[in-house]
Colleague: 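Below: one structure in structure tokens.
Here is how names work: the chains are called A, B, and so on, in the same order as the sequence lines, proteins then strands, and each is numbered from 1. Side chains are part of it too, since the values below use all heavy atoms of this structure and drop only hydrogens, waters and symmetry mates.
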Protein chains: 2
Amino acid sequence: MGIKCCHSPLTEAAAREILEQNGINKTKGKVEILCAISRTNRPLSVSEIHELLERACDLSTVFRTITQFKEKNLIRELNLDEAFARYELIHSAPVSHHHHHVRCRHCGDIQNIEDCDLAVFERAIARLGFTETEHRLEFTGLCAKCGK
Amino acid sequence: MGIKCCHSPLTEAAAREILEQNGINKTKGKVEILCAISRTNRPLSVSEIHELLERACDLSTVFRTITQFKEKNLIRELNLDEAFARYELIHSAPVSHHHHHVRCRHCGDIQNIEDCDLAVFERAIARLGFTETEHRLEFTGLCAKCGK
DNA sequence: CTGGTTGCAAACACTTTGCATGTCG
DNA sequence: CGACATGCAAAGTGTTTGCAACCAG
């Protein structure tokens, strides 16, 4: 319990299978992007992914692929108060693995938090050595009018 | 308890006093921007503020003023998964008035949530008629290394 | 073969900055 | 008067798009 980093790099074969299952063409770029995201245990920005691939494909291709992965719910987009978005794999494993993040305002380091309860959170974060903690909890949904 | 909109428009005099207390020059633009933010009960984007002022001052001035207000902790910056930031007044009243937001993924409507407890949240949001709710809880702070 | 995919360059949206001018205190 | 504030235009980011060449199925 508490804090744990979920780290599960995909083999190329596993990546190909995931793409297959989601009806996505298994091009070199897409396989590599999926592997790259699975290789890190922290959410990546598009340009970080681009650099991890050593620019093997164009930046716009990374953006397009990320968009596609997001639509297929392979990845989750995060907003950690930076000028850009970050993405992490959704481990479709048991149930959609719900967790959150702590990001250091100073060095930008990002760590995962596995529990989902405010009090537990605060304790877990303190245990990590974080100070001057702030949190931001935002909801989205369909309002009464829009929820058809 | 539950949901409530905190709405407290500032008179020009009150706005001037706040600026005074924070050592900010009381120029026409700054007074108007502060009033505009206090007049709405939902967080505003920079260009919404600009339009509310009927372009009485330049967009870059709004950006610069917002930056200054943020530094003085007069306003809070929010990130509601849009391509831009939103800002709302910090009611310095009793203690820093802590609350969150629900935003409709469809129409973009934003409402305030006053309580700060996940379970209460969920119920409150459901009571508002929101469906397909998602939330995002992110922390920032100084990690053990950076927290001097 | 044919539709999806890519690279490239250009376009976008939001935000920041440089500089000359204008205003507050 | 001097410091700060402003308008304007230009530059900077991160992201999106149009198009022709290309590749997977």
Side-chain angles (χ1 to χ4, degrees), chain A residues 12-13 15-37 43-72 74-87 108, chain B residues 12-13 15-37 43-72 74-87 108:
Chain A
E12 184 181 322
R16 286 180 166 279
E17 178 161 353
I18 291 177
L19 295 179
E20 175 73 48
Q21 291 168 349
N22 286 274
I24 299 172
N25 274 3
K26 300 175 282 298
T27 66
K28 187 166 67 74
K30 299 194 176 178
V31 174
E32 284 189 18
I33 291 174
L34 187 50
C35 287
I37 299 177
L44 295 173
S45 68
V46 168
S47 45
E48 281 172 345
I49 297 170
H50 187 222
E51 278 157 27
L52 279 178
L53 303 189
E54 282 162 337
R55 297 176 190 65
C57 66
D58 194 74
L59 186 58
S60 67
T61 299
V62 182
F63 271 108
R64 283 191 268 232
T65 302
I66 287 300
T67 303
Q68 196 183 20
F69 285 2
K70 202 168 43 172
E71 285 165 1
K72 300 285 185 167
L74 294 183
I75 57 176
R76 180 179 5 246
E77 181 178 302
L78 303 175
N79 214 309
L80 297 165
D81 283 333
E82 296 168 294
F84 43 82
R86 290 185 175 276
Y87 301 88
Chain B
E12 185 182 322
R16 288 181 165 278
E17 177 160 354
I18 291 177
L19 295 179
E20 174 73 48
Q21 289 167 351
N22 286 274
I24 299 171
N25 274 3
K26 300 175 285 297
T27 66
K28 186 166 68 77
K30 300 195 174 176
V31 174
E32 285 188 18
I33 291 173
L34 188 49
C35 287
I37 299 177
L44 295 173
S45 69
V46 168
S47 44
E48 283 172 343
I49 296 170
H50 188 221
E51 278 157 27
L52 279 179
L53 302 190
E54 283 164 332
R55 296 175 190 67
C57 67
D58 194 74
L59 186 59
S60 68
T61 299
V62 182
F63 271 108
R64 283 192 267 231
T65 302
I66 286 300
T67 302
Q68 195 183 19
F69 284 2
K70 202 169 44 175
E71 285 166 3
K72 299 287 182 162
L74 294 183
I75 57 176
R76 183 181 1 248
E77 181 179 301
L78 303 175
N79 214 310
L80 297 165
D81 284 332
E82 297 168 293
F84 44 83
R86 290 186 177 275
Y87 302 88

Colleague: Think A/Thr27 has a side-chain N or O under 4.0 angstrom from the OP1 or OP2 of C/dT5?
Modeller: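 Indeed not, no polar side-chain atom of A/Thr27 lies that close.
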Colleague: Can you check whether A/Gln68 has a side-chain N or O nearer than 4.0 Å to OP1 or OP2 of C/dT5?
Modeller: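 Yes, within the criterion.
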Colleague: In whole Å, what is the span from the CG atom of A/Asp58 to the P atom of D/dT15?
Modeller: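 Going from A/Asp58 (CG) to D/dT15 (P), I get 14 Å.
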Colleague: Just so I know, are the side chains of B/Leu19 and B/Phe69 near enough to count as touching, which here means a heavy-atom distance under 4.5 Å?
Modeller: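 In contact.
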Colleague: Kindly say if A/Lys26 contacts the phosphate of D/dG25, meaning a side-chain N or O under 4.0 Å from OP1 or OP2.
Modeller: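 For A/Lys26, the contact criterion (side-chain N or O under 4.0 Å from OP1 or OP2 of D/dG25) is met.
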Colleague: Atom CG of A/Asn22 and atom P of C/dG4: how far apart are they, to the nearest Å?
Modeller: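 These atoms are roughly 17 Å apart.
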Colleague: Report yes if the side chains of A/Phe84 and A/Ser45 come closer than 4.5 Å at any heavy-atom pair, otherwise no.
Modeller: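 With C-beta onward as the side chain, the pair touches.
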Colleague: Expressed as a whole number of angstroms, how long is the span from A/Ile66:CD1 to C/dT5:C1'?
Modeller: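 It works out to 15 Å between those atoms.
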Colleague: Starting at the 5' end of DNA chain D and moving along, which residue's nearest nucleotide shows up first, A/Phe84 or B/Thr65?
Modeller: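 It is B/Thr65 whose nearest nucleotide is closer to the 5' end.
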Colleague: Could you check A/Val62 against B/Ser47 and say which one's nearest nucleotide on DNA chain C is further toward the 5' end?
Modeller: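 Whichever sits nearer the 5' end wins; that is A/Val62.
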Colleague: Roughly, in whole Å, what's the span from CG in A/Leu44 to P in D/dG14?
Modeller: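 Atom CG in A/Leu44 sits about 15 Å away from atom P in D/dG14.
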Colleague: Between atom CD in A/Glu71 and atom P in D/dT16, what is the gap in whole Å?
Modeller: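 Atom CD in A/Glu71 sits about 11 Å away from atom P in D/dT16.
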Colleague: Less than 4.5 Å apart, any side-chain heavy atom of A/Ile66 and any of A/Ile49?
Modeller: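 A side-chain contact under 4.5 Å exists here.
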Colleague: Under 4.0 Å from OP1 or OP2 of C/dG7: is there any side-chain N or O of A/Thr61 that close?
Modeller: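 The answer is yes; a side-chain N or O of A/Thr61 sits under 4.0 Å from OP1 or OP2.
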Colleague: Quick one: on DNA chain C, does B/Ala83 or B/Ile24 contact a more 5' nucleotide (nearest heavy atom)?
Modeller: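 Looking at DNA chain C, the more 5' nearest nucleotide goes with B/Ala83.
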Colleague: What's the CZ-P distance between A/Phe63 and C/dC12, to the nearest Å?
Modeller: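 The answer, rounded to whole Å, is 17 Å.
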Colleague: Distance criterion of 3.5 Å, no angle test: do you see the side chain of A/Arg64 paired donor-to-acceptor with the base of C/dG4?
Modeller: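 No, the side chain and the base share no sub-3.5 Å donor-acceptor pair.
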Colleague: Which listed nucleotide (C/dT15, C/dC14, D/dG7) is nearest to the side chain of B/Cys57?
Modeller: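 It is D/dG7.
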Colleague: If we ignore hydrogens and angles and just use 3.5 Å, is the side chain of A/Asp58 paired with the main-chain N or O of A/Ser60 as donor and acceptor?
Modeller: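 Side chain of A/Asp58 to backbone of A/Ser60: a pair is present.
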Colleague: Please determine whether any donor N or O and acceptor N or O are separated by less than 3.5 Å between the side chain of A/Arg86 and the base of D/dG14.
Modeller: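 There is none.
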Colleague: For B/Lys70 and B/Ile75, indicate whether the former's side chain and the latter's backbone hold a donor-acceptor pair under 3.5 Å.
Modeller: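 Checked: no pair found.
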Colleague: Report the nucleotide, chosen from D/dT15, C/dG7, C/dT16, that has the shortest atom-to-atom distance to any side-chain atom of A/Ser60.
Modeller: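 The answer is C/dG7, which lies nearest to the side chain.
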Colleague: Using whole Å, report how far NE2 of B/His50 lies from P of C/dT15.
Modeller: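 Taking NE2 of B/His50 and P of C/dT15, I get 13 Å after rounding.
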Colleague: Grab the CG-P distance between A/Leu80 and D/dG14 for me, whole Å please.
Modeller: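 Interatomic distance, CG of A/Leu80 to P of D/dG14: 15 Å.
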